[in-house]
Amino acid sequence: SKNDGTAVLTVNTSTVGATLIGALTVGVNDTGHDVTFYGATSGKKMLWDESDDTLSVAGSMFCSGKNGDYNTVFGYNAGASMDANSDNNTFIGVSVSSGSMSTAENNVGVGFEALKDLTSGDQNTAVGRRAGENITSGENNVLIGDGAGDAMTDTNNVVAVGRNAGGSIDHVDASHQTLIGHLAGA
């Protein structure tokens, strides 16, 4: 073990295992290599394909947020400002729930900028591009479709299904609505 910043690689020939302490670099910038990690099941692997600049997973993949408990976060800038008290959330997509979260729990956001401004709202489900993007403290909403409920901030108990359904709902007085269809309630 070295303390000068140099990585240490230990190979145990009796168990055919290796331990790396320190950073691992494969290739050099602008000259990459394929990297494959195989699982215990035939055909299950994670592959970085240098020719396509893609990471593919054959099997299951789990990504967890850095804060809170039991959060699943996957996507560029998703859950970017999640605090330690925001638990049990699932965010998948670019900038999903990228606002300053504080005790937001049990939410599901899937799609580009879904639940983008969420701060303290709980039990919201938003599926679709920009679905519920402006919800901050609203709770118990189900928003499905491109832009569904996109103007809502602190509205509660709304079901909006369809492209831009619930697009004009923007205050707490509009709570307890059910809107189904393209532009319903817009």
Side-chain angles (χ1 to χ4, degrees), residues 1-99 101 103-116 118 121-133 135 140-146 148 159 161 163:
S1 163
K2 294 186 178 183
N3 292 325
D4 63 0
T6 305
V8 176
L9 177 64
T10 305
V11 178
N12 184 336
T13 56
S14 66
T15 60
V16 190
T19 301
L20 174 68
I21 300 170
L24 171 66
T25 302
V26 178
V28 295
N29 191 23
D30 202 32
T31 307
H33 300 279
D34 288 352
V35 179
T36 305
F37 294 91
Y38 290 99
T41 305
S42 177
K44 304 301 182 192
K45 64 183 177 181
M46 181 173 68
L47 168 67
W48 172 259
D49 184 333
E50 63 85 21
S51 63
D52 290 335
D53 286 333
T54 58
L55 177 67
S56 61
V57 176
S60 299
M61 185 168 80
F62 173 79
C63 298
S64 179
K66 62 183 178 183
N67 289 320
D69 292 322
Y70 310 110
N71 293 303
T72 301
V73 180
F74 185 76
Y76 176 76
N77 209 33
S81 297
M82 185 181 303
D83 77 330
N85 296 311
S86 294
D87 302 325
N88 308 311
N89 297 293
T90 301
F91 302 130
I92 301 172
V94 173
S95 295
V96 175
S97 193
S98 57
M101 291 176 58
T103 67
E105 296 182 336
N106 307 307
N107 295 287
V108 175
V110 178
F112 177 78
E113 294 186 345
L115 297 175
K116 181 181 75 167
L118 184 67
D122 298 329
Q123 288 89 24
N124 293 293
T125 299
V127 178
R129 184 184 71 95
R130 296 193 169 129
E133 72 175 316
I135 289 178
N140 304 310
N141 298 295
V142 177
L143 311 166
I144 301 173
D146 180 17
V159 175
V161 179
R163 185 170 186 262

Only counting residues at least two apart or in another chain, list the ones meeting side chain to side chain contact (heavy atoms under 4.5 Å, CB included) with V28.
T31

List the residues meeting side chain to side chain donor-acceptor pair (under 3.5 Å) with S98, not counting sequence neighbours, and say none if there are none.
none

Output all residues satisfying salt bridge (charged side-chain N to carboxylate O under 4.0 Å, His left out) with D122, sequence neighbours left out; order by chain, then residue number.
none

When rounded to the nearest 0.5 angstrom, what distance separates OG in S97 from NZ in K116?
11.5 Å

By salt bridge (charged side-chain N to carboxylate O under 4.0 Å, His left out) - contacts of R130 (at least two apart):
E113, E133

Suppose we screen for side chain to side chain contact (heavy atoms under 4.5 Å, CB included). Which residues come up paired with D52, at least two apart in sequence or across chains?
D49, T54

Which atom names give the shortest non-hydrogen contact between G99 and S81, and what distance separates them?
O-CB, 3.2 Å

Donor-acceptor pairs are to be reported for all side-chain atoms of residues 87-96 against protein atoms at under 3.5 Å, with residues two or more places apart or in another chain.
residue	atom	partner	partner atom	Å
D87	OD1	D69	N	2.7
N88	ND2	N106	OD1	3.4
N89	OD1	N106	N	3.3
N89	OD1	N107	N	2.9
N89	OD1	N107	ND2	3.1
N89	ND2	N71	OD1	3.2
N89	ND2	D87	O	3.2
N89	ND2	A104	O	2.9

To the nearest 0.5 Å, how far apart are CG in D146 and CZ in R129?
4.0 Å

Ignoring hydrogens and geometry, is there a side-chain-to-backbone donor-acceptor pair from N141 to V159 under 3.5 Å?
no

So do I135 and N124 actually touch side chain to side chain, heavy atoms under 4.5 Å?
yes

Validation: residues 32-43 side-chain donor-acceptor distances under 3.5 Å, sequence neighbours left out:
residue	atom	partner	partner atom	Å
D34	OD1	E50	N	2.9

Pairing residues for N77 by the side chain to side chain donor-acceptor pair (under 3.5 Å) criterion, not counting sequence neighbours:
none

How far apart are the closest heavy atoms of G145 and A131, and which atoms are they?
O-CB, 3.7 Å

